[in-house]
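As structure tokens, the structure follows; a few thoughts come after it.
The residues of the chain are indexed from 1 along the displayed sequence.
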Amino acid sequence: MSQAAPAFTRSPDEVVRQSPVSQAPNGICYAIVGEITVAASDLERMVAAVPDSAAAALQRKAYYFVPLTVNHGEDTVIADRYDVALSDNAVCHRNIELGDSQCVFISTRLMDDKFSVAFEFYINVGHAVVEKAGVAQEFAELAWKHGPDAEKHKNEYLAATFSDAISIYLLSLFIDVDYYDLRERDYPLLAPAQMAERLRKVAELFPANPGFDFAIYYKRRT
């Protein structure tokens, strides 16, 4: 019986050199590489959902949606398709500095469904926005009302809560989100009313692009 050949792997810089990059209307650069199961149209809309005001913080970045990003000793390699032999050493994403740009390789085949791939992408975007622009004062004042009694960790707490809120907000622009589904990723959840308050503030700071809408709905108790 014939066996399938192992997946072909390339170094990140080879992938960057050989892969055409697209630019979304908001300016974000991205590429789709290898055998991806999420539809290209979904990935296109996923990237376009990032509001222009948030995308402005992502200059000199490019996102590569690949099958697997794999730890190979001290190096990182990119597989052209899913391979069970490589999956144990695969990581959800890897940020790699190449020249004067940062390339982010997101392993789509570790997750496969567009909800999980989108959330991985938006978590990375949320951290990048906070790293570049800091925490908005209006959000900091709101979040600290419900914050822990730990003044010495205040900055870390606010940075984490702001990036989390940005990530969930972006996810909700792309796809309908049941807040409690985030538990499946072991995500720490606030009371829904508190999270809704934070998301509304993020929506004020980063208004949705045309074609995307933000709304919060509460389920009625039965």
Item to check | side chain to side chain donor-acceptor pair (under 3.5 Å) between Ser116 and Asp113, intermediate numbers included | outcome: CA-CA 6 Å; Ser116 298; Asp113 64 291; 2.9 Å; yes
Item to check | Spacing of Ser107 atom OG and Ile36 atom CD1 [to the nearest 0.5 Å] | outcome: 9.0 Å
Next on the checklist: Count I, L, V, M, F, W, Y as connected when their side-chain heavy atoms are under 4.5 Å apart, and connections chain through other members. Are Phe119 and Ile175 then in the same cluster?
Outcome noted: yes
Item to check | Audit row: Asp100, Arg60, salt bridge (Lys or Arg N to Asp or Glu O under 4.0 Å) steps and yes/no | outcome: CA-CA 7 Å; Asp100 60 352; Arg60 312 306 305 174; 2.8 Å; yes
Next on the checklist: Between Ser101 (side chain only) and Leu98 (backbone N and O only), is there a donor and an acceptor less than 3.5 Å apart?
Outcome noted: no
Checklist entry - Quick one: CG on Asp83 to CG on Asn89, what's the gap to the nearest 0.5 Å? => result 11.0 Å
Item to check | Least distance between heavy atoms, Phe212 atom then Ala48 atom | outcome: CE1-O, 3.6 Å
Checklist entry - Should Asn95 and Lys61 count as side-chain neighbours, where that means a heavy-atom distance under 4.5 Å? => result yes
Next on the checklist: Using only atom types and a distance under 3.5 Å, with no angle test, would you say the side chain of Thr9 pairs donor to acceptor with the backbone of Ile78?
Outcome noted: no
Checklist entry - Between Lys201 and Phe139, what is the shortest heavy-atom contact and its length? => result CG-CA, 4.1 Å
Checklist entry - Of all heavy-atom pairs between Ile96 and Arg94, which one has the smallest distance, and what is that distance? => result CG1-CG, 3.6 Å
Next on the checklist: Looking only at the aromatic ring of each residue, does the gap between the centers of Tyr169 and Phe214 stay below 6.0 angstrom?
Outcome noted: yes
Checklist entry - Do Leu171 and Phe115 come close enough that some side-chain heavy atom pair is under 4.5 Å? => result yes
Checklist entry - In the single-linkage hydrophobic clustering (I, L, V, M, F, W, Y; side-chain heavy atoms under 4.5 Å), do Val77 and Val33 co-cluster? => result no
Checklist entry - Which pair of heavy atoms, one from Phe162 and one from Ala136, lies closest together, and at what distance? => result CE2-N, 3.6 Å
Checklist outcome for this item: Output for pair (Ile106 CD1, Tyr30 OH), nearest 0.5 Å, gives 13.0 Å
Next on the checklist: Could you check whether any side-chain heavy atom of Asn124 comes within less than 4.5 Å of a side-chain heavy atom of Glu120, counting everything from C-beta outward?
Outcome noted: no
Next on the checklist: Give me the atom names and distance for the closest heavy-atom approach of Pro51 to Pro207.
Outcome noted: CB-O, 3.2 Å
Item to check | Beyond-backbone contact of Tyr82 with Thr108, side-chain heavy atoms, under 4.5 angstrom | outcome: no
Next on the checklist: Please check: side-chain N/O of Glu14 versus main-chain N/O of Ser11, any donor-acceptor pairing under 3.5 Å?
Outcome noted: yes
Next on the checklist: Determine whether Glu197 and Arg200 satisfy the following criterion, salt bridge (Lys or Arg N to Asp or Glu O under 4.0 Å), listing intermediate values before the conclusion.
Outcome noted: CA-CA 5 Å; Glu197 196 175 6; Arg200 290 191 184 98; over 6 Å; no
Checklist entry - In terms of hydrophobic clustering (I, L, V, M, F, W, Y; side-chain heavy atoms under 4.5 Å; direct or indirect links), are Val15 and Val117 co-clustered? => result no
Item to check | Atom CG of Asp176: over 12 foreign heavy atoms under 6.0 Å | outcome: no
Checklist entry - Got Glu35 and Asp80 here, is their nearest side-chain heavy-atom distance under 4.5 Å? => result no
Checklist entry - Does the side chain of Val21 reach to within under 4.5 Å of the side chain of Tyr64, using non-hydrogen atoms? => result yes
Checklist entry - If you measure from CG on Asp13 to CD on Gln18, what distance do you get to the nearest 0.5 Å? => result 9.0 Å
Checklist entry - Would you call Arg81 and Phe8 a side-chain contact if the rule is heavy atoms closer than 4.5 Å? => result no
Checklist entry - Does Ser163 use its side chain to pair, donor to acceptor, with the backbone of Ala160 at less than 3.5 Å? => result yes
Next on the checklist: Has Ser167 got a side-chain atom pairing as donor or acceptor with Tyr122's backbone, closer than 3.5 angstrom?
Outcome noted: yes
Next on the checklist: With clusters defined by side-chain heavy atoms of hydrophobic residues (ILVMFWY) lying less than 4.5 Å apart, directly or transitively, does Leu43 cluster with Val177?
Outcome noted: yes
Checklist outcome for this item: Shortest non-hydrogen pair, Ile166 vs Val129, comes out as CD1-CG1, 4.0 Å
Next on the checklist: Other residues, nucleotides and ligands only: do more than 12 of their heavy atoms fall within 6.0 Å of CD on Gln59?
Outcome noted: no
Next on the checklist: Membership question, hydrophobic clusters at under 4.5 Å side-chain separation (ILVMFWY): are Ile32 and Phe105 in the same one?
Outcome noted: no
Checklist entry - Hey, what do you get for CG (Leu58) to CG (Asn26), rounding to the nearest 0.5 Å? => result 8.0 Å
Checklist entry - Run the side-chain contact (heavy atoms from CB on, under 4.5 Å) check on Leu170 and Val125 step by step: do they pass? => result CA-CA 9 Å; Leu170 297 180; Val125 171; 3.7 Å; yes
Checklist outcome for this item: CD1 (Ile168) and CZ (Arg198) are apart, to the nearest 0.5 Å, by 9.5 Å
Next on the checklist: Measuring only between side-chain heavy atoms, which start at C-beta, is Arg45 closer than 4.5 Å to Val47?
Outcome noted: no
Next on the checklist: Holding to ring-ring contact (aromatic ring centres under 6.0 Å, His included), I want the full list of residues that pass it with Phe121, two or more places apart in sequence or in another chain.
Outcome noted: Tyr63, Phe65
Checklist entry - When you measure from the side chain of Asn209 to the backbone N and O of Asp52, does any donor-acceptor pair fall under 3.5 Å? => result yes
